[in-house]
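Shown next, in structure tokens, is the structure this report addresses.
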Amino acid sequence: MSVLRAKGAAIGLLLASAATAFSGGAVAQSAFTTLDRTGEAQVSFSGPERGAPILAGSTVKVSGQKFRPGQKVTLLYGAEPLPGGSFTADAEGKIAGSIAIPANAVAGSFPIIVVAKAPYFATVEELKVSPTIPLSGQQDYRISQAQTARGVYQSAYSAKNNALFTASSQGRPPVANSELVKLDAATMKILARVTPAVAPEPERRGGQAGRPGGPGGNADRGPGVYAVYGVGVDDAKDTVWATNSRQNTVAVYKQSDLSLVKQFPFGTVNHARDAVIDSTLGKAYVSATFQPEVKVFDTATLAEPKSVVIQSLARGKDFSAASLSLDPAAHKLYVVSNATNEVAVINTRTDMVEHVFPVPGGRSTIGISHDPQTGRIYVAGQGSDNLVVLDGTSGAVIADTPVGAGALNVVFDPVKRRAYVANRGASTIAVTDADGKLVANLGPAPTPNHVALGKGGTVYAVNKSANATGEEADSIMVIQPK
């Protein structure tokens with residue numbers, strides 16, 4: 001159910017139950033009087049600790065703002081007030097407190113009705129309860145840890161050189177601490193590392209409001225470096241492609257010593273996120289987050305890219321390209337939209353969009369992978385804590401599996417036929433079979449951000465673990481099936 005439909009259903013319940021829910025209660029008042037015509041109040045919910053998911057049986061922190069001073073505020077689920085969900089706005093129009101989630105609560109996003117009295121105001125906010133999935137199946141894997149730079153985001157494996165490359169950036173713009181690191185994939189020894197060049201001008205305003213480099217960013221604090229976030233390898237050209245999300249562009253480095261081959265200018269790719277390279281066709285694909293397009297580069301000429309525009313099926317909405325998954329043998333590129341919960345399939349021979357599939361049950365879909373044998377598509381839903389498996393031909397849902405809080409990224413191993421999901425909020429790596437059935441849940445993996453496939457079914461999970469462990473650098477979790 002969409003947020004809009006959920007809000008409509010919740011308001012319908014509210015009106016239908018007015019005679020019982022508001023008679024003599026904390027929010028009781030005469031109907032259709034003292035309406036707040038300019039109300040903008042907001043309420044948010046968070047876990048008991050910063051960054052922690054909300055789970056069944058846990059305590060939820062409630063905070064709200066933009067109420068009228070002294071207003072009585074009540075939270076309801078359907079027609080029933082939530083225990084502990086009554087508040088009085090302070091002199092600044094804020095509320096704060098906590099409510100308890102029942103131990104038998106199911107996972108999902110629940111519409112909570114927020115009602116304020118005198119003047120009357122009502123809205124609906126979402127409270128997401130994430131699934132509780134215990135660790136399991138660790139005896140079936142050899143797991144080791146290595147370190148890379150602090151602020152790691154992604155990794156990519158070079159089969160030709162048996163090397164792993166990681167991209168890391170730390171802090172808000174202008175970013176000064178950023179590194180591209182090369183490791184021996186067998187020993188995890190660091191072979192080379194480089195800090196990107198200083199950007200020639202302050203990070204510009206313009207683009208997405210509140211996004212880095214846009215209004216609300218830090219464009220006036222001086223230049224930073226061309227910070228690297230996403231990474232992809234081109235074994236045919238012995239290069240590494242890195243995305244500079246803050247400067248809306250990309251850079252190309254040599255695999256051997258990480259020397260710079262080319263730095264593309266500001267604005268080449270809007271909030272560049274993922275980079276994947278089709279070495280056979282000589283093309284590099286980079287997702288333009290917050291835009292309905294993927295940029296296509298010629299890896300030989302390194303000329304300015306062309307665009308593949310993706311039209312969303314969602315009425316009145318724009319596709320927002322996030323993660324990419326490439327099947328070079330089938331000449332298909334899979335693109336997930338985090339704004340519209342859709343998947344696009346692009347023919348890499350023609351660079352034309354062949355299909356756009358909705359992802360039923362997926363919310364804030366952001367991670368994607370595929371099975372080259374069956375054509376199935378694996379989608380991680382960060383807002384729905386699940387892995388959705390789609391038929392690659394029809395788009396039909398094959399599986400919808402809860403995997404853990406904040407499912408951020410997924411990679412499918414066609415050798416062992418397993419999908420690995422990085423659950424950032426749960427600090428786990430969930431493992432499913434090809435049909436989407438959960439077969440293991442590995443951890444702890446403090447704040448996993450990305451999973452990449454290596455040789456012989458080895459999976460590399462990068463973790464933003466330094467804050468949790470107190471170590472100098474973030475970690476790489478090396479997962480090898482026994």
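Thr289 and His271 make their closest contact through OG1-O, 3.0 Å (heavy atoms, listed as atom of the first residue, atom of the second, distance). Closest heavy-atom contact between Ala380 and Ala407: CB-O, 3.8 Å. The minimum heavy-atom distance linking Arg376 with Ile398 is given by the pair NE-CD1, 3.3 Å. Shown here for Ser320 and Phe290, the closest heavy-atom pair between the two residues is OG-N, 2.9 Å. A pairwise comparison of heavy atoms in Ser109 and Glu126 identifies CB-OE1, 3.8 Å as the closest pair. Residue Phe412 comes nearest to Ser369 through the heavy atom pair N-OG, 2.9 Å, listed as atom of the first residue, atom of the second, then distance.
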Give the C-alpha distance, both sets of side-chain angles, the deciding distance and a yes or no for side chain to side chain donor-acceptor pair (under 3.5 Å) between Arg150 and Asn177. CA-CA 8 Å; Arg150 198 176 179 102; Asn177 300 318; over 6 Å; no

Please test Asp234 against Ser279 for side chain to side chain donor-acceptor pair (under 3.5 Å), starting from the C-alpha separation and ending with a verdict. CA-CA 6 Å; Asp234 182 358; Ser279 299; 2.9 Å; yes

Decide side chain to side chain donor-acceptor pair (under 3.5 Å) for Gln382 and Arg424; before the verdict, give the C-alpha distance in whole Å, the side-chain angles of both, and the deciding distance to 0.1 Å. CA-CA 9 Å; Gln382 188 175 19; Arg424 185 181 171 102; over 6 Å; no

Intermediate values then yes/no, side chain to side chain contact (heavy atoms under 4.5 Å, CB included), Tyr229 and Val175: CA-CA 11 Å; Tyr229 291 88; Val175 176; 3.6 Å; yes

Between Met477 and Asn463, does the side chain to side chain contact (heavy atoms under 4.5 Å, CB included) criterion hold? Intermediate values first, please. CA-CA 7 Å; Met477 186 176 180; Asn463 298 281; 3.6 Å; yes

Side chain to side chain contact (heavy atoms under 4.5 Å, CB included) between Gln154 and Phe165, intermediate numbers included: CA-CA 8 Å; Gln154 288 190 12; Phe165 297 87; over 6 Å; no

Checking Tyr285 against Phe297 for the ring-ring contact (aromatic ring centres under 6.0 Å, His included) test, could you report, in this order, the C-alpha distance in whole Å, the side-chain angles of both residues, the deciding distance, and whether it holds? CA-CA 6 Å; Tyr285 294 88; Phe297 295 79; 9.4 Å; no

Do Gln291 and Asp318 pass the side chain to side chain donor-acceptor pair (under 3.5 Å) test, and can you show the C-alpha distance, the side-chain angles, and the key distance before you say yes or no? CA-CA 7 Å; Gln291 298 292 325; Asp318 291 328; over 6 Å; no

Steps toward side chain to side chain contact (heavy atoms under 4.5 Å, CB included) verdict (Val431, Leu442): CA-CA 8 Å; Val431 188; Leu442 311 178; 4.0 Å; yes

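In this structure, Asn423 contributes its side chain and Gly406 its backbone to no donor-acceptor pair below 3.5 Å. In this structure a side-chain-to-backbone donor-acceptor pair under 3.5 Å is missing from Asp235 to Asp238. The main-chain N or O of Val250 is found under 3.5 Å from a side-chain atom of Gln263 such that the two form a donor-acceptor pair. Side-chain atoms of Lys182 come within 3.5 Å of backbone N or O of Gln255 as a donor-acceptor pair. Side chain of Ser155 to backbone of Ala452: no donor-acceptor contact under 3.5 angstrom is found. Side chain of Thr458 to main chain of Lys455: a donor-acceptor pair is present (N/O by atom type, distance under 3.5 Å, no hydrogens or angles). A donor-acceptor pair under 3.5 Å links the side-chain atoms of Ser168 to the main chain of Glu179, judged by distance alone. For the pair Thr249 (side chain) and Phe264 (backbone), a donor-acceptor distance under 3.5 Å is present. Thr348 contributes a side-chain N or O that, together with a main-chain N or O of His331, makes up a donor-acceptor pair within less than 3.5 Å. A donor-acceptor distance shorter than 3.5 angstrom exists from the side chain of Asp413 to the backbone of Val415, with no hydrogens or angles considered.
Note: Lys66 NZ to Gln42 CD = 5.0 Å, rounded to the nearest 0.5 Å. Expressed to the nearest 0.5 Å, how far CG of Asp435 lies from CG of Asp371 amounts to 10.0 Å. Between Asn386 atom CG and Asp400 atom CG the span is 4.5 Å, to the nearest 0.5 Å. The CD1 atom of Ile377 lies 5.5 Å from the CG atom of Leu390; values are rounded to the nearest 0.5 Å. Note that the CZ atom of Arg349 and the OG1 atom of Thr280 stand 10.5 Å from one another [nearest 0.5 Å]. How far OG of Ser384 is from CG of Asn341: 7.0 Å, rounded to the nearest 0.5 Å.
Put simply, the side chain of Tyr378 does not reach to within 4.5 Å of the side chain of Val388, judged on heavy atoms. Side-chain contact between Val62 and Val43 is present, with heavy atoms from C-beta onward closer than 4.5 Å. Considering only heavy atoms from C-beta on, Leu135 comes within 4.5 Å of Thr428 through its side chain. For the pair Pro360 and Val397, the minimum side-chain heavy-atom distance is below 4.5 Å. Taking the side chain as every heavy atom from C-beta outward, Ser323 and Arg273 approach each other to under 4.5 Å. Residues Leu127 and Ile99 form a side-chain contact, since some pair of their non-hydrogen atoms from C-beta on lies under 4.5 Å apart. Side-chain contact between Tyr157 and Val233 is absent, with no heavy-atom pair separated by less than 4.5 Å. Counting only heavy atoms from C-beta outward, the side chains of Glu293 and Val308 never approach each other to under 4.5 Å.
Asp351 pairs in a salt bridge (charged side-chain N to carboxylate O under 4.0 Å, His left out) with only one of the listed residues (Lys306, Lys332, Lys295), which is Lys306.
Checked for salt-bridge contact, Lys317 and Glu342 miss the test: no charged N lies under 4.0 Å from a carboxylate O. With respect to Arg363 and Asp385, no salt bridge is recorded, no charged nitrogen being found less than 4.0 Å from a carboxylate O.
Residue Lys262 places its NZ atom among more than 12 non-hydrogen atoms of other residues, nucleotides or ligands, all under 6.0 Å distant. A 6.0 Å sphere centred on CD of Glu40 holds no more than 12 heavy atoms belonging to other residues, nucleotides or ligands. Within a 6.0 Å radius of NZ in Lys437, other residues, nucleotides and ligands contribute 12 heavy atoms or fewer.
Using the six-membered ring where Trp is involved, Phe110 and Tyr77 have ring planes that are perpendicular, over 60° apart on the 30 and 60° scheme. Classification of the Phe266-Tyr226 ring pair by plane angle, with boundaries at 30° and 60°, yields tilted.
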